[in-house]
*Asks:* 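I am attaching a structure below and will ask some questions about it afterwards.
Values in this document were obtained by computation on a predicted structure and should not be read as measured data. When reading the values below, keep in mind they use all heavy atoms of this one structure, side chains included, and skip hydrogens, waters and symmetry mates.
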Amino acid sequence: MKHYLMFDMGTGNSRVCLVDSCGKVLGIKRFDNKYYRDDSYDDGQYFIPERWSEKLIKGCYELCNEHPEIKVNGISAAAARQSFVLIDRCGKAFLGLPNIDNRGKAFINDIGHAEEIYKRSGKWLTEDFGAGKLLGLKVKHPEEFNKIYKITSLSEWVGYIFTGKCSIEPSHASESQLYDLKTKNWSEDICSWYDYDKDILPELVPGGSILGPVDREYAGALNLDEDAVFIVGGADTQIAIRQTGIKAGDIAIVSGTTSPVVTLKDEFFYDPEQRVWVESNVSGDNYQIEMNPGVTGLNYQNMKKLLCPDKSYDELEEEYSGIKEVKCTASFTSLLFYEKRGLRNGGFFMRSPLQDNVTAADLMYSILGDIACATYEELKRLVEITGNDPDFLLGCGGGFQSETLCRMVSSLSGKPLKLKKGFGQATVQGLVSICNDALGETSGEEEEYLLFTPEEDNLIFKYYPVWKKNRDKVNDCK
């Protein structure tokens, strides 16, 4: 059996996990991600890589000290998409631009070539991606921009810490908007339109490849095996769906802070109406097509803290089983992806005056209904646009720990929903799969699935038309 240190670099927080090759998590260390505002912009945020790396390494040391009997064979990382680290000529990571940084917003429309950029990068011309963040930096802080020697993603920055080798993996490269999906290489044209020197872009290295041996300075503190290596991971969504066993033609839903609905194709895909994002998959060999209803699971977590702080999620699930009528609907999901627009208005919708039989559980149930219906809206359009229409859906992510949500999604879609064992920690399990493949290891574990089948009498069928009417009216939807 082999053992791995895994990094799961999220938006709100990051984790270091000690895991064995069967996927058993032996220990976890977490820390909150600290961001700072840059007042040069309406919405500019950054992080200081050195402070994050101190916490990451400290977490590694603590885990390995707690398990001195274990030898670490490999290290890998997955990270939030659209987040980048800038490295100077001295090799120092001097600035982090996270996915929540929108410093390029005021300048992005000056670039032009929007249709060509979408055709090549698979992304709308917006401030969300690496190219837009760099543009904002270049306009307002040219001295900082001129310090850049290389840029990389969060997960490959972890690889840089442990090996000294700067690279980027295709799924993250495709989030820069400087990567040509069809040629599977950096785009000379897009770089020229932004006026960027292509030399700041690092070597492309496929996910699952061995970046190199882990620097021996960590050997003692991390209980490293003498052959310990860093194995390239990738973008968190692509790593998570790997846990499901997805293949070309399948559709998977990742239920987390947001709820990406994705399918894979072996051939390059282009939507002239620009209703989807197209991304590289981890290996760089095939393509992920995505739609997303925006913020979902975070709404549920925040509302639970507000309405039911003293109840467990299991207790809420028991209360949902007793709900027999729709007393209210909710609208808090944030995107109409297929229309390229955000939903700015929302709330709870119910009869006036407020009825005395509406409970906190009814309100919480309506949040789950909002997640299920918004996800279904994206799902049915993804099927229509891509032509991929499998007999079942794959799912992963912590949101699917709610059996109520699982039943809603399966019933609305009319398809069984399959959850593979370990779905609640899909990113870590996806990394285990990558490391096992790279090192020729097998988990030895038999695949186990939870299966939810459509229910003709599920209450979601009464909820859905009311939800859609309320959501569309308040947001002036088509």
*Asks:* Looking at NZ of Lys182 and NZ of Lys119, how far apart are the two atoms once the value is rounded to the nearest 0.5 Å?
*Replies:* 9.0 Å
*Asks:* For His141, what residues pass the side-chain hydrogen bond (donor to acceptor under 3.5 Å, both in side chains) criterion, not counting sequence neighbours?
*Replies:* Asp38, Ser40
*Asks:* Please round to the nearest 0.5 Å and tell me the distance separating atom CG of Asn286 and atom OG of Ser280.
*Replies:* 7.5 Å
*Asks:* Restricting to pairs with a member in residues 149-169, which pass ring-ring contact (aromatic ring centres under 6.0 Å, His included), not counting sequence neighbours?
*Replies:*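 For residues 149-169: Phe7-Phe162, Phe162-Tyr218.
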*Asks:* Within 45° of the ring axis of Tyr36 and under 6.0 Å from its six-membered ring centre, is that where the NZ or CZ of Lys34 lies?
*Replies:* yes
*Asks:* Side chains of Ser167 and Glu156: any donor to acceptor distance under 3.5 Å?
*Replies:*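 Looking only at side-chain atoms, Ser167 and Glu156 do not form any donor-acceptor pair under 3.5 Å.
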*Asks:* Quick check on side chain to side chain donor-acceptor pair (under 3.5 Å): which of Asn292, Thr296, Thr333 does Ser259 satisfy it with?
*Replies:* Thr296
*Asks:* I'd like to know if Lys418 and Asp250 make a salt bridge, using a cut-off of under 4.0 Å between side-chain N and carboxylate O.
*Replies:*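 Salt bridge absent between Lys418 and Asp250.
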*Asks:* For residues Glu317 and Ser402, is any side-chain donor paired with an opposing acceptor at under 3.5 Å?
*Replies:*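 Judged by distance alone, the side chains do pair up.
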*Asks:* Give the C-alpha distance, both sets of side-chain angles, the deciding distance and a yes or no for side-chain hydrogen bond (donor to acceptor under 3.5 Å, both in side chains) between Asn436 and Ser21.
*Replies:* CA-CA 7 Å; Asn436 283 347; Ser21 53; 4.5 Å; no
*Asks:* How many angstroms lie between atom CD of Gln274 and atom CG of Leu125, to the nearest 0.5 angstrom?
*Replies:* 9.5 Å
*Asks:* Once the angle between the rings of Tyr35 and Phe47 is folded into 0 to 90°, is it parallel (under 30°), tilted (30 to 60°) or perpendicular (over 60°)?
*Replies:* perpendicular
*Asks:* Tell me if the aromatic rings of Phe94 and Tyr46 count as close, with their centers under 6.0 Å from one another.
*Replies:*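 No: the rings miss the under 6.0 Å criterion.
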*Asks:* Check the angle between the aromatic planes of Trp186 and Tyr179 and answer parallel, tilted or perpendicular using the 30° and 60° thresholds.
*Replies:* perpendicular
*Asks:* Could you tell me whether Lys58 and Glu54 have a side-chain N and a carboxylate O separated by less than 4.0 Å?
*Replies:*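 No, this pair does not count.
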*Asks:* For the residue pair Tyr287 and Trp277, is the inter-centroid distance of their aromatic rings smaller than 6.0 Å?
*Replies:* no
*Asks:* Working to the nearest 0.5 Å, report the span between NZ of Lys2 and SG of Cys435.
*Replies:* 11.0 Å
*Asks:* Output all residues satisfying ring-ring contact (aromatic ring centres under 6.0 Å, His included) with Tyr449, sequence neighbours left out; order by chain, then residue number.
*Replies:*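 Not a single residue meets the ring-ring contact (aromatic ring centres under 6.0 Å, His included) criterion with Tyr449.
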